[in-house]
Each structure stands twice: as structure tokens, then as C-alpha cells.
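Take a look at the structure below.
Keep in mind it's a predicted model, so treat the numbers as computed, not measured.
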Amino acid sequence: EGGAEGDHVAFYSQDMNQGMQERMRIESGLRHALGNGELLLHYQPKFSIDSGKIIGAEALVRWRHPVRGLVPPAEFIPLAEATGLVVQVGEWVLEAACAQAKLWKDAGLPPIRLAVNVSAREFTSTLPGRVQDTLTRYGLEPSWLELEITESTLMNNIDRVIGIMDRITALGVTLSLDDFGTGYSSLSYLKRFPIDTLKIDRSFTIGIPADANDCAIANTIISIAQQLKHKVIAEGVETVEQLAFLKNSGCDEVQGYLFSRPLEADAFEQALRENWTP
Ligand code: C2E
Ligand code: CA
Ligand code: CA
Ligand code: CA
């Protein structure tokens, strides 16, 4: 009897072991990737609903793994968040995004706002200084940069978080609240955040227009944004029906496969040029 149970325990801990080994393998691979130039950014355009023009882009990290090919962030960002390595990934991403924005600026492309995802663990008192330093080094106007933060960032000491937000917006860099409505942030705090834009999560966009609840949630987020004088963008827009609904509801900006997938830098640059040619 004890034997069977012993076997079970042995299998279980072997599974755990394999899971841990897999995590350690990814972690050391990611450390190596950071030093070895294996990370890269793709850029997904953001569009103004009114003008139809590209007004910005979201930088999304990928890992060009020598064996596994192009690895999506879902396969390494959560682990990087758990281990703290996401801080170094974030440093690389901010640097690379600003370097690219500087290239586009120098190439005479129309000014856009480049959004960088910032994980909760990066949102510390050293972030504003690092942002300022990076902008200065690249001679980049702060209006070129936007930071996307998620509600998990707001779960920390709220006065501390607001202090950091204020220091970032004082630089002229804008903040948007990503995945809005999927976390636990309290509406009573929302008015205190120096936020420029609320981002409607793809999990709500996906149900538009068939799901009455998703439509109601999207409308509510748009109305909260309007009341608080924030802009509002919907991510994950894949159909013309979704676009029509969002336009009719007063959404300002959209992003999604209907318009473009995340693009390599050259392809984004070309899209930007074509988009702005009269
Ligand atoms: P997110 O910030 O919510 O980014 C949006 C994700 O939705 C991106 O996936 C994007 O490619 C995808 N997407 C955009 N439009 C559509 C659409 O119309 N349909 C569908 N099905 N998907 C769409 P991606 O690039 O795989 O990134 C996944 C997540 O990884 C991001 O979610 C973000 O949380 C995280 N991530 C990506 N880059 C970074 C980064 O540089 N730093 C940090 N901390 N996290 C990042
Ligand atoms: Ca985002
Ligand atoms: Ca998002
Ligand atoms: Ca999302």
C-alpha cells in the first residue's frame, strides 16, 4: 500500500523537477539571449479611428532563439517576471525602442508615439531617471515615448506608485493603463492616476458585437475614459463589426489584426510612410 503511494510521490516530484529544470533552462537561456543580441522588437501600429492614420505603435518583444526560432513573449515574460529577470529585459526593451524611435525621427518620419510595456517589477523609483537618461542619450522628445502599465503595477503601495507616475509624466512621457478591467484596481484610485489613455483589453473586444456583456463593458470603459478626460484605445480589433461598434461608441484609437499584425521595424517604417502619403 505504502509502495503505491511512494511511487505516486516519486512521479510527482519528478514532474516538479522537470518543471523546475525547464524553468532554469529558459532562465539561463534568456540571460544568454540578453547578452547575445537574441531579443528583438516588433511594432504593432495604433490607428486614430477618426483620421485612419497611424498615430503610434506598441513595441512587443520577441526572442530569436537559435534552435526554437521566434519565441513569443508569452513563453518567457511570465517566467522573467517570476525570477526578476524582466527588469533586465525591460531595460533592453526601453533602450531598443528609443534607439529605433531615434532612427525613425532622423529619417524624417512623421512623429509617432512608441509604447513600451513596463512590468510591475520594473515600476520602481529608479524608472523615471532611467527613462530621462535614455531620452537624453538619444536626443528624443518625451512625446515619442509612452509606457503601458498594467493593473498589477497598481497593486503595490498606491502612493508610491502615484509618485513614480507623476515623475514620469513630469518628463512629458505618457502613461497608458493596459488590459484595463481585467485586474483588481479600484475605480476610486483611477481618478488619481496621471494616465493619458485607457486600453480596452482584447478579452472584451473579442465579444463585440455579439456578446452583450462585452459590449456593455467596452461602452463603460469608453465612458469612464471620457468622464476622466482620458483617451481610450481598443486592442485586439479583428473585424469591421468591432471597428464600427467602437467608432460609434466614441473610442479614439484602435489596434489589431484588422489593421496590422506586429511588424518588423522595416515593415512598420514602410507602413508609416505609405500611411502618411497623401
Ligand atoms: P499585451 O501588452 O496585451 O499585447 C497585446 C498582445 O496582443 C500582443 O501579443 C499582440 O501581438 C496581440 N494582438 C494584437 N492585436 C491582436 C489581434 O487583433 N488579435 C489577436 N489574437 N492578438 C492580437 P504578444 O506580442 O504575443 O505579447 C503578449 C504579451 O506579452 C503582451 O500583452 C505583454 O503583456 C507581454 N509583452 C510583450 N512585450 C513585452 C515587453 O517588452 N515587456 C513586458 N513586460 N511585457 C511584454
Ligand atoms: Ca501592452
Ligand atoms: Ca494589452
Ligand atoms: Ca491584453
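The side-chain tip of Arg192 does not point at the ring of Tyr189 from less than 6.0 angstrom away and within 45° of straight on.
Formation of a donor-acceptor pair under 3.5 Å by the Glu241 side chain with backbone atoms of Ile208 is not found in this model. In this structure a side-chain-to-backbone donor-acceptor pair under 3.5 Å is present from Glu151 to Gly181. Between the side chain of Lys53 and the backbone N or O of Asn275, at least one donor-acceptor pair lies under 3.5 Å. Here the side chain of Gln242 pairs a donor or acceptor atom with the backbone of Glu238 at under 3.5 angstrom. A donor-acceptor contact shorter than 3.5 Å links the side chain of Asp201 to the backbone of Ser203.
Annotation: side chain of Gln88 is in contact with side chain of Arg31 (closest heavy-atom distance under 4.5 Å). Looking at Leu145 and Leu140, their side chains never come closer than 4.5 Å, going by heavy atoms from C-beta outward. Counting only heavy atoms from C-beta outward, the side chains of Ile200 and Ile222 approach each other to under 4.5 Å. For the pair Thr174/Thr197, no side-chain contact is recorded, criterion being any heavy-atom separation below 4.5 Å from C-beta on. Under the 4.5 Å side-chain criterion, counting only non-hydrogen atoms from C-beta, Leu154 is in contact with Ile149. Side-chain atoms of Glu235 and Phe204, non-hydrogen and from C-beta on, never get closer than 4.5 Å to each other. A 4.5 Å side-chain heavy-atom check between Ile55 and Arg113 finds every atom pair outside the cut-off. The shortest distance between side-chain heavy atoms of Arg130 and Asp133 does not fall below 4.5 Å.
Hydrophobic cluster membership differs between Leu243 and Ile206, with clusters built from Ile, Leu, Val, Met, Phe, Trp and Tyr side chains linked at under 4.5 angstrom. Hydrophobic cluster membership is shared by Ile49 and Val240, with clusters built from Ile, Leu, Val, Met, Phe, Trp and Tyr side chains linked at under 4.5 angstrom. With hydrophobic clusters built from ILVMFWY side chains whose heavy atoms lie under 4.5 angstrom apart, Leu171 shares a cluster with Phe193. Cluster membership for Leu198 and Ile168, using ILVMFWY side-chain heavy atoms within less than 4.5 angstrom, is shared. Hydrophobic clustering of Ile, Leu, Val, Met, Phe, Trp and Tyr side chains at less than 4.5 Å, counting indirect connections, unites Val93 with Leu114.
Pro73 and Arg62 get closest at one heavy-atom pair: CD-NH1, 3.4 Å. The minimum heavy-atom distance between Glu148 and Ala115, with the atom names listed, is OE2-CB, 3.5 Å. Nearest heavy atom pair, residue Phe47 against residue Gly52, reads CD2-O, 3.4 Å. The minimum heavy-atom distance linking Val86 with Arg121 is given by the pair CG1-CB, 4.1 Å. Nearest heavy-atom pair, Ser176 versus Glu146, reported as atom, atom and distance to 0.1 Å: CB-OE2, 3.5 Å. Across all their heavy atoms, Thr153 and Ser119 have their closest contact at OG1-C, 4.4 Å.
Within 6.0 Å of atom CD in Glu22, more than 12 heavy atoms from other residues, nucleotides or ligands are found, so the atom counts as buried in its surroundings. Annotation for Arg160: atom CZ counts as buried by contact number, over 12 foreign heavy atoms lying within 6.0 Å. Atom CZ of Arg137 is surrounded by more than 12 heavy atoms from other residues, nucleotides or ligands within 6.0 Å.
Other members of the cluster containing Leu70 are Leu40, with ILVMFWY side chains joined at under 4.5 Å, either directly or via other members.
Under the 4.0 Å criterion applied to side-chain N and carboxylate O atoms, Lys46 and Asp252 are not assigned as salt-bridge partners.
We find the SG-NZ distance between Cys251 and Lys231 to be 11.0 Å, quoted to the nearest 0.5 Å. Atom-to-atom distance recorded for His230:NE2 and Leu190:CG is 5.0 Å, nearest 0.5 angstrom. With rounding to the nearest 0.5 Å, the separation of CZ in Phe76 from CD1 in Ile26 is 10.5 Å. For the atom pair Leu30 CG and Leu39 CG, the distance stands at 6.0 Å (nearest 0.5 Å). Atom-to-atom distance recorded for Ile221:CD1 and Ile233:CD1 is 13.0 Å, nearest 0.5 angstrom. For the atom pair NE2 (His65) and NE2 (His32), the distance works out to 9.5 Å, reported to the nearest 0.5 Å.
Between Phe268 and Tyr43, the ring planes are tilted. Angles from 30° to 60° get that label.
In summary, the side chains of Ser48 and Asp50 do not present any donor paired with an acceptor at a separation below 3.5 Å, with no hydrogens or angles considered.
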Next item on the list: Evaluate the side-chain contact (heavy atoms from CB on, under 4.5 Å) criterion for residues Arg167 and Ser125: first the C-alpha distance (whole Å), next the side-chain angles of each, then the deciding distance (0.1 Å), finally the verdict.
Entry: CA-CA 9 Å; Arg167 286 173 58 207; Ser125 59; 3.9 Å; yes

Item checked: Candidate pair Lys199 and Gln255, rule side-chain contact (heavy atoms from CB on, under 4.5 Å), full reasoning -> CA-CA 10 Å; Lys199 203 161 185 184; Gln255 176 185 359; 2.9 Å; yes

Margin query: Test side-chain contact (heavy atoms from CB on, under 4.5 Å) on Met165 and Leu175; report intermediate values, then the result.
Written below: CA-CA 8 Å; Met165 288 178 161; Leu175 293 170; 3.7 Å; yes

Check: Do Phe245 and Thr205 pass the side-chain contact (heavy atoms from CB on, under 4.5 Å) test, and can you show the C-alpha distance, the side-chain angles, and the key distance before you say yes or no?
Finding: CA-CA 10 Å; Phe245 178 93; Thr205 308; over 6 Å; no

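For Trp144 and Tyr138, the ring centers sit 6.0 Å or farther from each other.
Pairs of residues two or more places apart, or lying in two chains, that qualify as side-chain hydrogen bond (donor to acceptor under 3.5 Å, both in side chains) and include a residue from residues 210-225 are Asn219-Ser249.
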